Amino acid sequence: KAGVTQTPRYLIKTRGQQVTLSCSPISGHRSVSWYQQTPGQGLQFLFEYFSETQRNKGNFPGRFSGRQFSNSRSEMNVSTLELGDSALYLCASSLAPGEGNTIYFGEGSWLTVV
Amino acid sequence: GENVEQHPSTLSVQEGDSAVIKCTYSDSASNYFPWYKQELGKRPQLIIDIRSNVGEKKDQRIAVTLNKTAKHFSLHITETQPEDSAVYFCAASNYGGSQGNLIFGKGTKLSVKP
């Protein structure tokens, strides 16, 4: 069974540009969440989707957005990129939200903003 | 919202010694506490988890303890080996509540010296 797949793995963008990251969850998993990982702040929750609906949202500005499609695949978008957006963006999937459903992470997308 | 504090941020031990990482959480409604291990350049992977109705859980050399009264949980690794070297993250969640996503601590970098 394939794991959580994220694309692209590495990308470099310029300040002011926008970026879209993609996540394909494990087959059968319907819940997808996104995290930003930086050396100083650890893993910070961005948002969680289940059945195409955003269930929870972390404390990030409106430049960060996401969506989930009917096949459970998810995308996140960051507009008007800032240098501080440089980070590893991790997607995670689980069967459904809730206790007992282990969350599995993808390898992440490394974003560098120059 | 939930806040998770993790200590220490770095930990160095000799091979064969034990390692203990501690986390405290703020939301008394949190009921699920997983621990993730992230090796350099790799995805975080679940190593053990505990639910609020259990005080301790063991899996070979790894154990987790939970003190709900003190809102405190710890990871114990015995007979450490060089391959245990990684960053360990604790997390807390209130599944079933309004904020069901995982909130992570900032991580502990464990170094096991041969």
Side-chain angles (χ1 to χ4, degrees), chain A residues 2-7 9-10 23-26 29-51 53-60 66 68 74 87-110, chain B residues 1-10 21 23 25-27 29-54 57 59 64 66 86-110:
Chain A
V4 179
T5 305
Q6 291 187 245
T7 57
R9 289 293 320 281
Y10 304 93
C23 173
S24 293
I26 292 172
H29 285 195
R30 294 166 59 201
S31 176
V32 173
S33 50
W34 289 88
Y35 291 83
Q36 182 195 65
Q37 186 173 24
T38 57
Q41 296 300 317
L43 285 154
Q44 292 189 286
F45 172 72
L46 280 157
F47 21 67
E48 179 189 20
Y49 288 89
F50 176 68
S51 294
T53 302
Q54 186 180 90
R55 291 187 71 246
N56 289 306
K57 188 176 183 347
N59 189 25
F60 277 82
Q68 186 181 35
S74 177
L88 175 64
Y89 290 88
L90 289 162
C91 170
S93 76
S94 63
L95 284 169
E99 189 179 343
N101 290 313
T102 300
I103 291 176
Y104 298 89
F105 283 91
E107 297 283 7
S109 292
W110 285 96
Chain B
E2 175 66 279
N3 182 53
V4 177
E5 305 241 345
Q6 183 172 347
H7 299 280
S9 56
T10 59
I21 302 170
C23 290
Y25 60 98
S26 60
D27 187 353
S30 287
N31 53 21
Y32 176 62
F33 308 91
W35 286 87
Y36 283 81
K37 174 184 180 182
Q38 187 176 30
E39 296 176 13
L40 190 63
K42 296 190 176 181
R43 71 186 78 190
Q45 292 196 298
L46 179 73
I47 54 171
I48 195 167
D49 57 14
I50 192 168
R51 289 161 177 78
S52 59
N53 59 347
V54 175
K57 182 176 179 180
D59 183 3
V64 58
L66 172 65
V87 179
Y88 292 81
F89 292 95
C90 63
S93 176
N94 174 15
Y95 283 123
S98 60
Q99 194 74 18
N101 52 277
L102 288 176
I103 301 298
F104 285 86
K106 293 192 176 180
T108 296
K109 183 177 181 181
L110 173 64

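Labels below follow one simple rule: chain letters A, B, ... track the order of the sequence lines, proteins then strands, and each chain is numbered from 1. From a predicted model like this one, the values you see are computed outputs, not experimental measurements.
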CZ-CG distance between A:Phe45 and B:Leu102, expressed to the nearest 0.5 angstrom: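 Separation between the atoms: 9.0 Å.
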Gap separating the CZ atom of B:Arg43 from the CG atom of A:Leu88, nearest 0.5 angstrom: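 Those atoms lie 11.5 Å apart.
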Measure distances from [X] to the heavy atoms of chain B and classify the residue's part below 4.5 Å as side chain, backbone, both or neither.
| X | answer |
| --- | --- |
| A:Phe47 | neither |
| A:Leu43 | both |
| A:Gln37 | side chain |

Part of B:Gln6 lying under 4.5 Å from any heavy atom of chain A: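 When you check distances to chain A, no heavy atom of B:Gln6 falls under 4.5 Å.
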Residues which pass ring pair (Phe, Tyr, Trp, His ring centres under 6.0 Å) with B:Phe33, listed by chain and number, not counting sequence neighbours: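 Listed in chain order: B:Tyr25, B:Phe73.
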Options A:Tyr35, A:Tyr104, A:Trp110, ranked by heavy-atom pairs under 4.5 Å with chain B, top entry: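 Ranked by heavy-atom pairs under 4.5 Å with chain B, first place is A:Tyr35.
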From CA spacing to verdict: ring pair (Phe, Tyr, Trp, His ring centres under 6.0 Å), B:Tyr36, A:Phe105: CA-CA 10 Å; B:Tyr36 283 81; A:Phe105 283 91; 5.3 Å; yes
Pairing residues for B:Gln45 by the side chain to side chain donor-acceptor pair (under 3.5 Å) criterion, not counting sequence neighbours: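 Expected list: none.
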Check against side chain to side chain contact (heavy atoms under 4.5 Å, CB included), B:Leu46 and A:Ile103: CA-CA 8 Å; B:Leu46 179 73; A:Ile103 291 176; over 6 Å; no
